[in-house]
K.L.:
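Have a look at the structure that comes next, please.
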Amino acid sequence: MAIIKPTCFQDIILHLQTYWAQQGCAILQPYDMEVGAGTFHPATTLRALGPKPWAAAYVQPSRRPTDGRYGENPNRLQHYYQYQVIIKPSPKNFQELYLGSLSAIGIDMELHDIRFVEDDWESPTLGAWGLGWEVWCDGMEVSQFTYFQQVGGHDCKPVSGELTYGLERLAMYVLGVDHVMDMPFNSPGSIIELKYGDVFRQTEQEYSRWNFDVADTSILLQHFEDAEAECKHILGEPEIDPKSGNKIIMAHPAYDQCIKASHLFNLLDARGVISVTERQSYIGRVRSLAKACADSFLKTEAGGSFE
Amino acid sequence: MTNLLLELFSEEIPADLQNKACEDLNKIVTNALVDAGLTYKSSNAFSTPRRLCLMIESLLNKSPNTREERKGPRIDAPEQALNGFLRSTGLTKDQLEIRNDKKGETYFAVIEKEGRMASEIVSEIVNETIHNFPWAKSMRWGSRSIKWARPLHSILCILCAEDGVETVNIEIDDIKSSNVTFGHRFMAPAQFSVHSLEQYQSGLKKAFVILDAQERANHILEDARNLAFAQGLELVEDNNLLKEISGLVEYPVVLMGEISKEFFSLPAEVLMTSMKEHQKFFSVKNPKTNRIEKFITVANRTTVDNGETIIEGNQKVLFARLSDAKFFWENDLRIAKTGMVEWSQKLEKVTFHNKLGSQSERLKRMSFIASAIAPLANADIDLANKAAKLCKADLSSEMVGEFAKLQGLMGSYYAAEAGLPNEIGLASKEHYSPLGPTDIVPSSPVSTAVALADKIDTLTGFWIIDEKPTGSKDPFALRRAALGVIRLVIDNDLNESLEKILAYGFYLNSISIHNLSMNADEQYIDLDENNLDQICDLIDLNQTYKIREVLKDLVSFFHDRLKVYLRDQKINHDVIDACLAMPNNTNFSLLAKRAKVLQEFCDSDDGKNLLHGFKRANNILIAEEKKDGVSYEGIADLKYAQLDEERSLFEILDENETAIINFIDNQNFKDAMNSLSKLRSPIDLFFENVQINSDSKIVRRNRLCLLNRIRLIMKSVADFTLIEN
């Protein structure tokens, strides 16, 4: 397959979408909530649970409030994009499929040094862990490659293979750009040429200020408590919907509240109001929500229960 | 005879697991082979990121036949006994032999086992080994249930004899053994078949795989040295890094890249740490400028452009990394210039331990303790105080946030930038030391005071909240801290008891624990003006501690560490006990000196004999005192001495007693022991020629008091009763 070299950020995304579509993944859309990483998308977290096969790929806008640098750092952003692939069970040729995706975005295997360097992945807030690697291209980490072992405290059987590409960094490397804000967003030569900075510099400034100095911590704290309470409330409802008489377990709405709590925790952390000892307790509270959501998902059809 | 080749081909195994995996594979398989009767000439295991490999040479083709005879019950024994015997041998009654034994006719079982083919045995062993392999960390993948470090793809298992090659049949889930393997992931991915150990290795080499990790390491080291040398530069060697990198590549290609000049201003340690931790680069030094100016990276392949793209990519990544480092460094310098105030303030919000308060509180306690120790260490009190307050300020710096390993060292750079005296920077750098039994002990006075304050605060704090080490658990490294105190005191000859300083540590920590807001004047205690009891009373006054018991417990913890330390210096435990029993036993410097000299003395001829004489005197006294119900502590009088040997003992004691006591007072143990030696022959002669018992009660009493005088003099040197013969 002849590869047309990407010339801009969106080319990288489009090439990845095409490639993984060709490999049989369902190309999903980003989850419509604030998350810290593509893993939080229910298409990964929840679908990694239970026996049903699954294959999906998607872009996920991700927010890490503490990484905000007012748009000045060459590669640190509080809002960035991850590309996420999840296949269950992990195929035997998963590494080859992954390397194929690097070729698809214009990385020539004959010229570059690709290495799989040990990296054990753990998400204390999701009660999840897996083993795998950071993938290095000429010394730069271009992806995370993980075989999920546990999610929400449950053993993954079968095991899902997960890939996460940090899109900005990867694209900057492929396109040879030194500062993220200088990276072409659409094709150079378009009628209206847009750089990454034209799209995101201002928002980086605005959110950096808000994240670090303005966000009202008492409101955030209240929202955290609310999300936690609502999550528990949803999961406490009976499985049978009294209106229809059908069994409707509300794993996804509950999980939305868990995602919310997790992001609120990140915001509070960026505001510097969480002490070292409190940190552990907040993480523990989010984890117990995640576990409860995982438990309830496993009772649903998608979780493999109605067979 | 046959050769066995086993290769377990997988996805990339973490570098730090490979070595042990090699050893385990070799040990487990060969042990099992020998147990099964298959002996061999030699075995070797190898690893690359993608394969674990075992080669066994000259293995038996077949295990030997075995014949085992077992004696059973007598033929008239109860039915159950016979049934049990049949069950345990797996035979039927008619297969048993009846023989005439001493006790009558008895059943015998003769169990003959035919030897088994190597292929059959190897198949079982390998299967078992893979299923139970002792990985430190392993995983499942796909829908399989087996675990391996990373997904296992294929198993090459063959027996190579002169008359041909046989594939050993192994099936694990859907993985079936074969006689094929694969070359380098990128440079020669095709499979090829294998028919001998030699051809396997040469085949791999042709396919760009160097099987032996040591060979890869040698190759990397040699090429890296040469590459640097050719440009008049020096490789900064790093064995751990070399080992790790050898486990990351199958075909190492050494490449050298440039560090952009704008980063030359960064401290060398920052460059080296960033390059090693983040990028696994070796540093290359220019001996003329003494700067780190280039780096060496090891790629896993050759390319048509001789690695140019790879070097360029690595340089770019390094540029971003070092830009970060430089950004941190410059921000840090700005804050350092202002005297690091902002960092010290930040430490108010950093918890040291939830019961012992913030880092900032801890530093305050350390500064009081450092001031109290300063005179002992010959350090300026104010300087020691200030150094202790600032020694951990760098924990708030961005650089230490990024590279925790650089703590202390960065502090010394920042102290210099702040225009502080050298001693303060040095204390920041050195106060964590000594970190282990062989780590260098700080020797400059201010560093010594702060290093001691650091450890004494830790120990007294955790002791008072009862977080002591138990068994193998020592999460706060308190054993190491106590050994650190001992080494600091002894190496720097801090010649004073630590009791009051430890009590002061308890006092300061008790204030933090109870969140008592006190101003500096209230926290200050003048250790010269207050005795131990007064300090302890201060603590007990406010709280409910039995502080004297806590102190006693901590001192005995120190003594245990001291015993370990002195035993390493070849000082026997009884000699140490004899010294610990003396007063002032929290003066560790004094203790160590006394113990060292006493050990020499006990090893000498005079010492051994004198010890003998002492024991004899002591035993007589104990026996007689018990019998008579009195103690012979009175003064012996020369005028009741009847024999020459008695009189000369008086003489020698008169001559030496004062001297010995003076020597001891001046801690001159060497001369004290020399003087003691002079007592040896008069004592020997005394015991040879003088009967203690006499018809005259006065004479007998006088002799016993004379013995007591010997005992007292010797006990002023050490408690000789505790020394074994």
Side-chain angles (χ1 to χ4, degrees), chain A residues 51 53 69 72-76 87-96 99 107-120 129-133 135-141 145-149 155-161 169 172-173 176 178-179 272-273 275-279, chain B residues 11-17 49-50 137-145 147 149-151 153 174 185-187 189 247-249 253 255 257 278-281 297-301 303-305 307-321 323-324 327 349-351 353-354 358:
Chain A
R69 294 292 183 274
E72 281 162 21
N73 190 284
N75 52 23
R76 263 187 211 268
I87 303 181
K88 176 170 81 172
S90 62
K92 197 173 174 183
N93 61 344
F94 201 33
Q95 277 186 316
E96 280 68 39
L99 292 171
I107 294 179
D108 181 354
M109 296 293 147
E110 293 300 307
L111 286 178
H112 294 277
D113 179 37
I114 309 289
R115 238 128 20 102
F116 292 87
V117 180
E118 172 190 19
D119 188 39
D120 301 344
W129 68 277
L131 297 186
W133 311 270
V135 186
W136 285 19
C137 174
D138 303 335
M140 189 178 70
E141 184 194 339
F145 193 127
T146 307
Y147 291 100
F148 279 173
Q149 302 295 300
D155 279 348
C156 298
K157 281 182 179 175
V159 167
S160 297
R169 203 150 25 136
M172 282 166 67
Y173 191 72
D178 292 328
H179 197 296
V273 294
S275 74
V276 184
T277 34
E278 284 174 319
R279 233 187 117 75
Chain B
E11 297 179 13
E12 281 74 358
I13 303 167
D16 61 342
L17 298 184
R50 298 175 81 199
K137 237 180 194 178
S138 60
M139 53 165 276
R140 293 172 291 107
W141 66 97
S143 306
R144 293 166 191 82
S145 57
K147 288 185 162 192
R150 292 292 183 275
H153 278 254
D174 59 343
R185 183 188 280 286
F186 299 105
M187 298 181 75
L248 286 173
V249 291
V253 175
L255 301 168
H278 287 141
Q279 299 305 132
K280 306 191 199 298
F281 288 168
T297 182
V298 182
N300 189 29
R301 65 164 307 152
T303 59
V304 285
D305 64 352
E308 216 173 282
T309 311
I310 297 175
I311 293 175
E312 218 175 278
N314 276 289
Q315 282 175 181
K316 212 174 216 179
V317 182
L318 182 64
F319 190 92
R321 289 282 188 200
S323 301
D324 262 2
F327 178 73
K349 290 198 180 120
V350 179
T351 310
H353 182 282
N354 58 10
S358 67

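Naming convention: chains lettered A, B, ... in sequence-line order (proteins, then strands); numbering from 1 in each chain.
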K.L.:
If you count heavy-atom pairs under 4.5 Å with chain B, which of A:Asp119, A:Asn73, A:Ile114 comes out on top?
P.N.:
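The residue among A:Asp119, A:Asn73, A:Ile114 with the greatest pair count is A:Ile114.
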
K.L.:
With a 4.5 Å heavy-atom cut-off, do A:Trp136 and B:Val317 have their side chains touching?
P.N.:
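When only atoms from C-beta onward are counted, B:Val317 and A:Trp136 do not touch, as no gap falls below 4.5 Å.
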
K.L.:
For B:Thr309 and A:Leu111, which heavy atoms make the closest approach, and how far apart are they?
P.N.:
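Heavy atoms of B:Thr309 and A:Leu111 come nearest at CB-O, 3.7 Å.
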
K.L.:
Evaluate side chain to side chain contact (heavy atoms under 4.5 Å, CB included) for B:Phe319 paired with A:Asp178, printing each intermediate quantity in order.
P.N.:
CA-CA 10 Å; B:Phe319 190 92; A:Asp178 292 328; over 6 Å; no

K.L.:
With a 3.5 Å distance limit and no angle check, can you tell me whether B:Arg140 reaches the backbone of A:Pro158 through a side-chain donor-acceptor pair?
P.N.:
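Pair absent, no side-chain N/O of B:Arg140 close to backbone of A:Pro158.
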
K.L.:
Most heavy-atom pairs under 4.5 angstrom with chain A, which of B:Glu12, B:Gln279, B:Met187, B:Lys280?
P.N.:
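Of the options given, most contacts go to B:Glu12.
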
K.L.:
Taking the side chain as every heavy atom from C-beta outward, state whether B:Arg185 and A:Phe116 have any pair of such atoms under 4.5 Å apart.
P.N.:
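A side-chain contact under 4.5 Å exists here.
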
K.L.:
What is the distance from atom CG of B:Asn300 to atom NE2 of A:His112, rounded to the nearest 0.5 Å?
P.N.:
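Result: 15.0 Å between the selected atoms.
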
K.L.:
Looking only at heavy atoms, what is the nearest atom pair of A:Ser90 and B:Gly142, with distance?
P.N.:
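Closest approach of A:Ser90 to B:Gly142: OG-N, 2.8 Å.
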
K.L.:
Could you have a look at B:Ile311, B:Ile310, B:Thr303 and say which one has the most heavy-atom pairs with chain A under 4.5 angstrom?
P.N.:
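Max contact count across the listed options: B:Ile310.
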
K.L.:
With a 4.5 angstrom heavy-atom cut-off, could you sort out which part of A:Asp155 is near chain B: side chain, backbone, both or neither?
P.N.:
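Both the backbone and the side chain of A:Asp155 come within 4.5 Å of chain B.
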
K.L.:
Under a 3.5 Å distance rule, please check whether A:Gln149 uses its side chain to pair with a backbone N or O of B:Met139 as donor and acceptor.
P.N.:
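The answer is no, because no donor-acceptor pair under 3.5 Å joins these two groups.
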
K.L.:
Check each atom of B:Ala299 against the heavy atoms of chain A and say whether the ones under 4.5 Å are side chain, backbone, both or neither.
P.N.:
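It is both, since atoms from each part get that close.
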
K.L.:
Got B:Glu11 and A:Tyr147 here, is their nearest side-chain heavy-atom distance under 4.5 Å?
P.N.:
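Yes, close enough: below the 4.5 Å cut-off.
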
K.L.:
Examine whether an atom of B:Ser138 lies under 4.5 Å from a heavy atom of chain A, and if so say whether it belongs to the side chain, the backbone or both; otherwise answer neither.
P.N.:
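For B:Ser138, backbone heavy atoms alone lie under 4.5 Å from chain A.
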
K.L.:
Taking B:Asp305, B:Asn314, B:Leu318 one by one, which has the highest count of heavy-atom pairs under 4.5 Å against chain A?
P.N.:
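Most heavy-atom pairs within the cutoff with chain A belong to B:Asn314.
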
K.L.:
Go through the atoms of B:Val253 and report whether side chain, backbone, both or neither lie under 4.5 Å from a heavy atom of chain A.
P.N.:
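B:Val253 has no heavy atom closer than 4.5 Å to chain A.
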
K.L.:
Atom CD of residue position B:Glu312 - does it have more than 12 heavy atoms of other residues, nucleotides or ligands inside 6.0 Å?
P.N.:
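Not buried by this count: 12 neighbours or fewer within 6.0 Å.
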
K.L.:
With a 4.5 Å cut-off on heavy-atom pairs, point out which of B:Asp324, B:Leu248, B:Val304 contacts chain A the most.
P.N.:
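The residue among B:Asp324, B:Leu248, B:Val304 with the greatest pair count is B:Leu248.
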
K.L.:
Using 0.5 Å steps for rounding, measure from the NZ atom of B:Lys137 to the CG atom of A:Asp120.
P.N.:
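With rounding to 0.5 Å, NZ (B:Lys137) is 3.5 Å from CG (A:Asp120).
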
K.L.:
Between atom CG of A:Asn75 and atom CZ of B:Arg321, what is the distance when rounded to the nearest 0.5 Å?
P.N.:
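These two atoms lie 8.5 Å from each other.
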
K.L.:
Just give me the residue among A:Arg169, A:Met140, A:Glu96 that pairs up with chain B most often, heavy atom to heavy atom, under 4.5 Å.
P.N.:
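The candidate making the most pairs under 4.5 Å is A:Met140.
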
K.L.:
Is the backbone N or O of A:Glu118 less than 3.5 Å from a side-chain atom of B:Arg150, with the two atoms forming a donor-acceptor pair by type?
P.N.:
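Side chain of B:Arg150 to backbone of A:Glu118: no pair is present.
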
K.L.:
What residue in A:Arg115, A:Gln95, A:Arg76, A:Lys88 has the most heavy-atom pairs under 4.5 Å with chain B?
P.N.:
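Heavy-atom pairs under 4.5 Å are most numerous for A:Gln95.
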
K.L.:
Name the member of B:Leu17, B:Leu255, B:Val298 that forms the most heavy-atom pairs with chain A at distances under 4.5 Å.
P.N.:
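With the most close heavy-atom pairs to chain A, the winner is B:Val298.
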
K.L.:
With side chain to side chain contact (heavy atoms under 4.5 Å, CB included) as the test, would you mind laying out the steps for B:Arg144 and A:Val159 before giving the verdict?
P.N.:
CA-CA 8 Å; B:Arg144 293 166 191 82; A:Val159 167; over 6 Å; no

K.L.:
With rounding to the nearest 0.5 Å, note down the distance linking OG1 in B:Thr297 to CG in A:Asp113.
P.N.:
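The CG atom of A:Asp113 is 7.0 Å from OG1 of B:Thr297, to the nearest 0.5 Å.
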
K.L.:
Please state whether the side chain, the backbone, both or neither of B:His153 comes within less than 4.5 Å of a heavy atom of chain A.
P.N.:
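Contact with chain A involves both backbone and side-chain atoms of B:His153.
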
K.L.:
Below 4.5 Å from any heavy atom of chain B, which atoms of A:Ile87 appear? Answer side chain, backbone, both or neither.
P.N.:
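Interface part for A:Ile87: neither.
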
K.L.:
Which region of A:Glu141, side chain (C-beta onward) or backbone (N, CA, C, O), has a non-hydrogen atom less than 4.5 Å from a non-hydrogen atom of chain B, or is it both or neither?
P.N.:
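Looking at A:Glu141, nothing touches chain B.
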
